[in-house]
Novice: 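Handing you a structure now.
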Amino acid sequence: MPHPHPTPHTLVLMRHAKSSWSTDAGDHERPLSTRGRRDARAAGAWLAEQGLQPDLVLCSTSTRTRQTLSGLRDGGLEPRSVRHDRRLYEATIEELVQELHTVDAAVDTVLVIGHNGGIEEGVGFLAARRGHRDWWAAIDEKFPTAAIAVIEVAPDWRELRRGCGTLRAYQVPRG
């Protein structure tokens with residue numbers, strides 16, 4: 001029998017850490033910069049300090065998102081499961097939401113590591129603009145590399161839609 005008052009889920013949307021432009025590699029293969037590696041570790045430490053250990057990480061297949069995940073782990077993040085998905089590389093908000101709709105209802109916390117504009121647009125689409133004016137002002141100004149938005153969402157991932165969530169935290173960790 002379902003619980004009469006299901007617990008909301010936590011969605012963490014993160015833009016990859018700072019990438020290096022000093023390479024001839026194509027965009028998908030561009031690695032993190034030295035600063036990006038430090039920021040990824042700092043982001044992992046911040047997530048761990050907040051108790052935001054994900055049950056599932058949905059990660060783009062790009063080099064910089066994979067290296068961001070590695071840095072998060074170095075900082076203390078301990079995800080239960082990781083799924084790399086090429087569709088997250090240049091995902092639109094519609095594609096991001098479609099991917100989240102496939103997450104099992106038993107998964108409580110999901111971390112998505114992706115790229116702008118899909119990640120920034122995801123925050124603006126999923127979180128209702130209530131309260132936290134300073135966070136929204138910062139997000140509207142720029143959603144920089146390694147930025148993290150924590151959104152409380154419905155207890156069923158299939159119910160994600162425009163304005164369904166509540167912004168619970170916004171952080172830009174720097175290492």
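Values in this document were obtained by computation on a predicted structure and should not be read as measured data. Atom set for the values below is all heavy atoms of this structure, side chains included, hydrogens, waters and symmetry mates excluded.
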Novice: Tell me, do Gln53 and Thr109 make a side-chain contact under 4.5 Å, heavy atoms counted?
Specialist: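 A side-chain contact under 4.5 Å is absent here.
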Novice: I need the Arg86 CZ to Ser62 OG distance, nearest 0.5 Å.
Specialist: 9.0 Å
Novice: Do Val123 and Val103 sit in the same hydrophobic cluster, where Ile, Leu, Val, Met, Phe, Trp and Tyr count as joined when their side-chain heavy atoms come under 4.5 Å apart?
Specialist: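 Per the 4.5 Å side-chain linkage, Val123 and Val103 are co-clustered.
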Novice: Which pair of non-hydrogen atoms, one from Ala146 and one from Asp39, has the smallest distance, and what is that distance?
Specialist: CB-CB, 4.1 Å
Novice: How long is the span from the CD atom in Glu159 to the NE2 atom in His101, to the nearest 0.5 Å?
Specialist: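 Going from the CD atom of Glu159 to the NE2 atom of His101 covers 9.0 Å.
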Novice: Could you check if a side-chain atom of Thr145 sits within less than 4.5 angstrom of a side-chain atom of Arg64, using non-hydrogen atoms only?
Specialist: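 Thr145 vs Arg64: side chains apart.
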Novice: Is a side-chain N or O of Gln67 found less than 3.5 angstrom from the main chain of Leu32, in a donor-acceptor match?
Specialist: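 Yes.
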Novice: Go through the steps for Val110 and Glu99 under the test side-chain contact (heavy atoms from CB on, under 4.5 Å), then give the verdict.
Specialist: CA-CA 11 Å; Val110 173; Glu99 187 65 25; over 6 Å; no
Novice: Just so I know, are the side chains of Leu126 and Cys164 near enough to count as touching, which here means a heavy-atom distance under 4.5 Å?
Specialist: yes
Novice: Measure the spacing between CG of Asp156 and CG of Asp104 and express it to the nearest 0.5 Å.
Specialist: 9.5 Å
Novice: Go through the side-chain N and O atoms of Thr63 and Arg66 and say whether any donor and acceptor fall under 3.5 Å apart.
Specialist: no
Novice: Restricting to non-hydrogen atoms, name the atom on Trp136 and the atom on Gly131 that form the minimum distance, rounded to 0.1 Å.
Specialist: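 Heavy-atom minimum between the residues: CD1-O, 3.2 Å.
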Novice: Looking at every non-hydrogen atom in both residues, tell me the closest pair between Ala17 and Gly36 and how far apart they are.
Specialist: CB-O, 3.2 Å
Novice: For a 4.5 angstrom cut-off between non-hydrogen side-chain atoms, does Met14 reach Pro173?
Specialist: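 Side-chain contact under 4.5 Å: no.
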Novice: Surrounding CZ of Arg158 (heavy atoms of other residues, nucleotides or ligands, distance under 6.0 Å), is the total greater than 12?
Specialist: no
Novice: Quick one: are His16 and Ser60 in side-chain contact, heavy atoms under 4.5 Å?
Specialist: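 His16 does not reach Ser60 side chain to side chain.
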Novice: Flag yes if more than 12 heavy atoms outside Arg83 fall under 6.0 Å of its CZ atom; otherwise flag no.
Specialist: yes
Novice: Between Trp135 and Leu52, is there a shared hydrophobic cluster once you connect ILVMFWY residues whose side-chain heavy atoms come closer than 4.5 Å?
Specialist: no
Novice: Applying side-chain contact (heavy atoms from CB on, under 4.5 Å) between Val112 and each of Leu56, Leu11, Asp85, report the one that passes.
Specialist: Leu11
Novice: Decide whether Ile139 and Leu96 are clustered together by the hydrophobic rule: side chain heavy atoms of Ile, Leu, Val, Met, Phe, Trp, Tyr closer than 4.5 Å, transitively.
Specialist: yes
Novice: Give, for atom OG of Ser20 and atom CZ of Arg35, the distance between the pair rounded to the nearest 0.5 Å.
Specialist: 12.0 Å
Novice: Would you say Arg174's side chain and Val172's backbone share a donor-acceptor pair under 3.5 angstrom?
Specialist: no
Novice: From Arg15 CZ over to Phe143 CZ, what is the distance, rounded to the nearest 0.5 angstrom?
Specialist: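 The CZ atom of Phe143 is 8.5 Å from CZ of Arg15, to the nearest 0.5 Å.
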Novice: So does Ile113 get a backbone contact from the side chain of Thr65, meaning a donor-acceptor N/O pair under 3.5 Å?
Specialist: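 Checked: no pair found.
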Novice: Assigning hydrophobic clusters by single linkage (Ile, Leu, Val, Met, Phe, Trp, Tyr; side-chain heavy-atom cutoff under 4.5 Å), is Ile148 placed with Leu167?
Specialist: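 Different clusters.
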Novice: Between Val57 and Leu72, is there a side-chain heavy-atom distance shorter than 4.5 Å?
Specialist: no
Novice: Taking the side chain from His132 and the backbone from Arg168, do they hold a donor-acceptor pair closer than 3.5 Å?
Specialist: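 Here the side-chain-to-backbone pair does not exist.
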Novice: Report the distance from atom CZ of Phe125 to atom CD of Glu94, rounding to the nearest 0.5 Å.
Specialist: 7.0 Å
Novice: For the residue pair Thr68 and Ala40, what are the closest heavy atoms and their distance?
Specialist: O-CB, 3.7 Å
Novice: Are Gln50 and Val12 close enough that some pair of their side-chain heavy atoms sits under 4.5 Å apart?
Specialist: no
Novice: What are the two closest non-hydrogen atoms of Gly122 and Leu13, and how far apart are they?
Specialist: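 Nearest heavy atoms, Gly122 then Leu13: C-CD1, 3.7 Å.
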Novice: Show the numbers, then the answer: is there a side-chain contact (heavy atoms from CB on, under 4.5 Å) between Gln98 and Thr102?
Specialist: CA-CA 7 Å; Gln98 284 175 354; Thr102 69; over 6 Å; no
Novice: Report the relative orientation of the aromatic rings in His28 and Tyr89; use parallel for angles under 30°, tilted for 30 to 60°, perpendicular for over 60°.
Specialist: perpendicular
Novice: Please report the shortest heavy-atom distance between Gly76 and Ala48, naming the atom on each side.
Specialist: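 Reported closest heavy-atom pair: O-CB, 3.7 Å.
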Novice: The test is side-chain contact (heavy atoms from CB on, under 4.5 Å); show your working for Asp108 and Thr10 and say whether it passes.
Specialist: CA-CA 6 Å; Asp108 289 323; Thr10 301; over 6 Å; no
Novice: Side-chain contact, heavy-atom cut-off 4.5 Å: Glu95 with Thr92?
Specialist: yes
Novice: Do Leu47 and Tyr170 belong together in a cluster built from hydrophobic side chains that touch within less than 4.5 Å?
Specialist: no
Novice: For Lys142 and Glu120, run side-chain contact (heavy atoms from CB on, under 4.5 Å): C-alpha distance rounded to whole Å, both residues' side-chain angles, the deciding distance at 0.1 Å, then the answer.
Specialist: CA-CA 9 Å; Lys142 183 178 183 180; Glu120 179 179 0; over 6 Å; no
